[in-house]
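Counting starts at 1 for both ligands and their atoms, in listed order. In what follows, residues are counted from 1 in the order of the sequence shown.
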Amino acid sequence: MNPDTPLQLLGGLTAREFLRDYWQKKPLLVRQALPDFESPIDADELAGLALEEEVESRLVIENGERPWELRRGPFAEDEFSKLPERDWTLLVQAVDQFVPEVAELLEHFRFLPSWRVDDVMISFAAPGGGVGPHFDNYDVFLLQGHGKRNWKIGQMCDSESPLLQHADLRILAEFEETESWVLEPGDMLYLPPRLAHCGIAVNDCMTYSVGFRAPSASEVLTHFTDFLSQFLSDEERYTDADAQPVSDPHQIQHDALDRLKALLAEHMSDERLLLTWFGQFMTEPRYPELVVGPELEDGDLLDSLEQGAILIRNPSARLAWSEVDDDLLLFASGQSRLLPGKLRELLKMICAADALHIDNLGPWLADDEGRGLLCELVKQGSLGFADE
Ligand code: SIN
Ligand code: CO
């Protein structure tokens, strides 16, 4: 993708301009970002998903049994027919993992790293419905799928911003509106992290939220140090072979801090381990139970492909790759594999994983490592056969 091509999705901005001026900085409203957009699923199909055990869904009812009542799915079918006429929202998470046409929407966002994408959440709101003024810690593109929604934006927030007393929802106690727009199907609003926002359905409406993810500093530190500690032996400790006589035995001298800083720096600056951890962490699936594969021998895979089978990425799997010196690292759903540089094009194909078949895989199937890798990924559940 050429970063200097104007994109309709970004209102004629290029990816480079959008990243420079808006991404993580300020909101952008784009009228007809996806012209003539028609939601690939309707309200009934969305409600159908919310009945399923493996699907994460929520109902927010403004004047329910208590103000801003939150109910969590899976729901029983008759629950929807008992809802009030107005002022409620059904939210279904990660619809991209269950509806391929929704996953296809993500193709429009390929100017951003795929490992930054969290999911496509879809909400259906009855007139007046919304989840209250709030902020998210993530970037989000709000695409109007059906009906009209009035989006208001407000102040920048943080963890000190006052919230309403609510056990489950983080609703802002104060909302200082700065701008508002009514979005129609195909219109899109990009919001940077922590910007207060509030969407109210004008009529029955569906909103697609393409949400991004970024680990918090606290997550990076706890998870990376956990990962690192597997490689450290008990003998590796604070040492002070250079110790000098102390004047006050109860004082912690600053030379102790210098030794600690050196210990931390030695381990924290191992780039290969940092990359391995990061790739594994960022490709951990949202629903690991949906990433499982069959028992399979190299030969079986080859037979299936020869008979016309097509391999695609399991929609619940996450894939990414990187390079270390002359080698490559493939990250697949929380696991990493060090691979020889000659497999670069295969890795790129696997990560894009539109469709892998005998014609485009051809030469890679003759390579032991290439074939072995494909087989491993099928067994792990990151790749699967298209007709399964
Ligand atoms: C919604 O679609 O109702 C909520 C989306 C959001 O505000 O993040
Ligand atoms: Co939000």
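Phe331 and Leu328 are assigned to two separate hydrophobic clusters, defined by single-linkage of ILVMFWY side chains at heavy-atom distances under 4.5 Å.
Within the structure, the closest approach of Val140 to ligand 1 does not fall below 4.0 Å when heavy atoms are considered. Under a 4.0 angstrom heavy-atom cut-off, Ser209 registers as being in contact with ligand 1.
Close N/O approach between Trp151 and ligand 1 is not found [any backbone or side-chain N/O within under 3.5 Å].
The heavy atom nearest to atom 6 (C) of ligand 1, considering only His134, Gln144, Arg149, Met206, is found in His134. Comparing Leu91, Ile200, Thr207 against atom 4 (C) of ligand 1, the shortest heavy-atom distance belongs to Leu91.
Within ligand 1, the atoms closer than 4.0 Å to a non-hydrogen atom of His197 are 6 (C), 7 (O), 8 (O), numbered from 1 in the order shown. The distance from ligand 1 to the heavy atoms of Ser123 drops below 4.0 Å at these ligand atoms: 1 (C), 2 (O), 3 (O).
The residues Asp78 and Lys82 are annotated as salt-bridged, a charged nitrogen and a carboxylate oxygen being separated by less than 4.0 angstrom. The pair Asp327-Arg337 does not count as a salt bridge, with every side-chain nitrogen at least 4.0 angstrom from each carboxylate oxygen. With respect to Asp139 and Arg116, a salt bridge is recorded, a charged nitrogen being found less than 4.0 Å from a carboxylate O.
Checked by atom type, the side-chain pair Glu284/Ser333 shows no donor-acceptor distance below 3.5 Å. Judged by distance alone, the side chains of His146 and Asp42 never bring a donor and an acceptor atom under 3.5 Å apart.
Protein heavy atom nearest atom 8 (O) of ligand 1, with residue, atom name and distance: Asp136 OD2, 3.4 Å.
Of the angles at the Co ion (ligand 2), the one spanning OD2 of Asp136 and NE2 of His134 is 110° when given to 10°.
Ring geometry for Trp88 versus Phe124: interplanar angle of 30 to 60°, hence tilted.
Within His197, the N/O/S atom positioned nearest the Co ion (ligand 2) carries the name NE2.
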